[in-house]
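For the numbers below, each heavy atom of this structure counts, side chains included, while hydrogens, waters and symmetry mates do not.
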Amino acid sequence: MVQRNPNMAKLRAGYLFPEIGRRRRAVVEQNPNAKIISLGIGDTTEPLAPNITSGLVKACQGMGSLEGYSGYGAEQGMADLREKIAEVLYGGIVKPEEVYVSDGAKCDTGRLQVLFGKEATVAVQDPSYPVYVDGSVILGQTGGYNEEAGQFDGIEYMRCDASNDFFPDLANLKRTDLIYFCSPNNPTGAVSTKEQLKELVEFAKKNQSILIFDAAYSAYIEDPDLPRSIFEIEGAREVALEINSFSKMAGFTGVRLGWTVVPQELQFEDGTPVSKDWNRIVTTLFNGASNIVQKGGLACLSEEGYREVQEMIQYYKTNAGIIKKALTEIGLEVYGGENSPYCWARMKGKGSWEAFEEILTQAFVVTTPGAGFGPGGEGFVRFSSFGHRADVEEAVERLRKHLG
Ligand code: PLP
């Protein structure tokens, strides 16, 4: 018999969302006529915009003709898409050859973990997107789960909450090889300022660490003073790489397209450029994003497509505003929801799962318990703005009734 990978056994009971799904099904079984509304999982709900759809359709039809057919492409992505990403989304502060197109930010996170290997030490924001921790556990970067501490041994949890303006206390942080940092943050909706990111870059430089900057929600930043990319910060090119995605920007959660920027200056201790090894990982373990989908990405970054992208983002941001207003009026302490699709609410002394269960069983609204994002999320619930407007409006009316 084959021995199970012992790291798999170290993972905590499932991933957060299967547990939410299980509880939701239980409520549906007991209340078969109830209309459940989800403000839970961060999955987009609105149809693709017309120009973007038409870009995908044309690419697909092209594949059915002799002239339009293409097979394997460059693993790093189509040259014109890499150029467009560098130009439209970064205003030229990164080079096209530093952009590696992928099938999404989650997949790139996994490949980055393979790139850095199991010996690399890791710090994560607490709370944070669960994939950074779970991926590190699977790879063997942690000893195991420490029940008492409510966290994995061997990972540095950087507490980010209202008391520190959602920015870690770097003066008391142990050095690690890698620092995962997500802004706008999932789940708190907090967006780091230029000054905060400068501090982070200086900290990474001083400690010779590498920042894995997750900018999957950068398109939601409207405030011109807030950085959309870590590369807006001086010195970041020597210490950071950035993952990003079309998922929340253009509704591509099911279409699948993302990218990672690895600057040429980023090096390992022995002087090897990180991009050299990243290129090797990408060419070995990945065969490139779908050529049809990459054309869809190009459509998103065309003049008309990019206008549609902005409209889609405004739609979800309006939802976020509706949710934030209602939660505030209910009297909850609410964060995020402005340059981000997520609202993060403290549930008046209730535990996260208790508050989740109460909202689910009384208001028939699915949310996400903050504790699922790390011990720092206990006592909070995340409300996602990804939903149809009418559902969001109905959900907030129910919340006003049951929580108000
Ligand atoms: N990073 C963060 C912070 C996310 O919240 C998500 C998805 O929810 C991802 C990455 C994954 O994005 P993708 O759909 O590109 O895999």
Side-chain angles (χ1 to χ4, degrees), residues 12-28 34 36-43 45 125-130 133 150-151 157 159-163 166 182 184-191 217 220 248 316-317 319-387 391-404:
R12 294 290 288 161
Y15 184 64
L16 173 62
F17 293 105
E19 176 60 18
I20 293 173
R22 197 186 62 73
R23 293 184 184 220
R24 176 188 175 138
R25 282 190 297 280
V27 169
V28 171
I36 309 263
I37 300 177
S38 179
L39 303 181
I41 192 162
D43 192 2
T45 54
Q125 285 159 296
D126 177 26
S128 67
Y129 178 51
V133 168
Q151 56 191 50
Y157 287 72
R159 187 58 70 95
C160 295
D161 57 26
S163 74
F166 294 94
C182 177
N185 187 267
N186 176 11
T188 65
V191 189
Y217 299 96
Y220 288 76
K248 312 300 163 86
Y316 293 124
K317 285 184 64 148
N319 284 353
I322 293 170
I323 298 167
K324 182 159 189 167
K325 182 168 182 284
L327 296 175
T328 308
E329 285 171 5
I330 286 167
L332 297 175
E333 191 184 317
V334 191
Y335 301 95
E338 270 156 37
N339 290 284
S340 149
Y342 297 122
C343 292
W344 182 245
R346 192 194 295 278
M347 301 312 293
K348 293 186 173 169
K350 289 194 187 111
S352 289
W353 281 103
E354 185 195 352
F356 164 86
E357 194 75 22
E358 196 177 300
I359 298 170
L360 178 60
T361 54
Q362 294 179 13
F364 296 125
V365 173
V366 180
T367 57
T368 311
F373 298 97
E378 185 49 271
F380 285 83
V381 161
R382 187 192 76 175
F383 294 83
S384 157
S385 68
F386 297 113
D391 288 344
V392 168
E393 282 169 346
E394 187 177 339
V396 300
E397 280 323 304
R398 294 189 200 166
L399 293 174
R400 283 182 195 276
K401 190 164 148 218
H402 294 281
L403 296 178

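Nearest heavy atom pair, residue G377 against residue D126, reads N-OD1, 4.3 Å. Of all non-hydrogen atoms in G370 and W344, the two that sit nearest each other are CA-CH2, 3.4 Å. Taking all atoms of both residues into account, the shortest heavy-atom contact from Q125 to C182 is OE1-N, 2.7 Å. Between P184 and S340, the shortest heavy-atom contact is CB-CB, 4.0 Å.
Judged by distance alone, the side chain of K248 and the main-chain N or O of Y220 form no donor-acceptor pair under 3.5 Å. Side chain of N186 to main chain of Y129: no donor-acceptor pair is present (N/O by atom type, distance under 3.5 Å, no hydrogens or angles). Side-chain atoms of Q151 do not come within 3.5 Å of backbone N or O of P375 as any donor-acceptor pair. K317 places a side-chain N or O within 3.5 Å of a backbone atom of E338 that can act as its donor or acceptor partner. With N319 contributing its side chain and G387 its backbone, the two residues share a donor-acceptor pair below 3.5 Å. For E378 (side chain) and S352 (main-chain N/O), a donor-acceptor pair under 3.5 Å exists by modelled atom type.
A salt bridge links E329 with K325; the closest basic N to acidic carboxylate O contact falls under 4.0 Å.
With rounding to the nearest 0.5 angstrom, the CG atom of L39 is 11.5 Å from the CZ atom of F386. Taking CD1 of I330 as the reference point, atom NZ of K348 lies at 8.0 Å (rounded to 0.5 Å). Note that CZ of F166 is 5.0 Å distant from OG1 of T188, once rounded to the nearest 0.5 Å. Q362 contributes atom CD, which lies 12.5 Å from atom CZ of R398 (distance to the nearest 0.5 angstrom). Atom-to-atom distance recorded for D161:CG and Y335:OH is 8.5 Å, nearest 0.5 angstrom. With rounding to the nearest 0.5 Å, the separation of OG1 in T367 from CD1 in I359 is 4.5 Å.
Screening V381, L332, V396 for a side-chain contact (heavy atoms from CB on, under 4.5 Å) involving L327 leaves a single residue, L332.
Judged as a salt bridge (charged side-chain N to carboxylate O under 4.0 Å, His left out), the pairs with a partner in residues 357-368 (not counting sequence neighbours) are, in order, R23-E357, K350-E358.
When side chains are defined from C-beta on, V392 counts as touching I323, because their heavy atoms get closer than 4.5 Å. In this structure, V334 and F380 have side chains that are not in contact, with every pair of non-hydrogen atoms separated by 4.5 Å or more. Contact annotation: the side chain of V366 approaches that of F356 to within less than 4.5 Å [non-hydrogen atoms, C-beta and beyond]. Side-chain contact check for P127 versus R382: every heavy-atom pair is 4.5 Å or farther apart.
For Y217 and Y342, the gap between ring centers is short of 6.0 Å.
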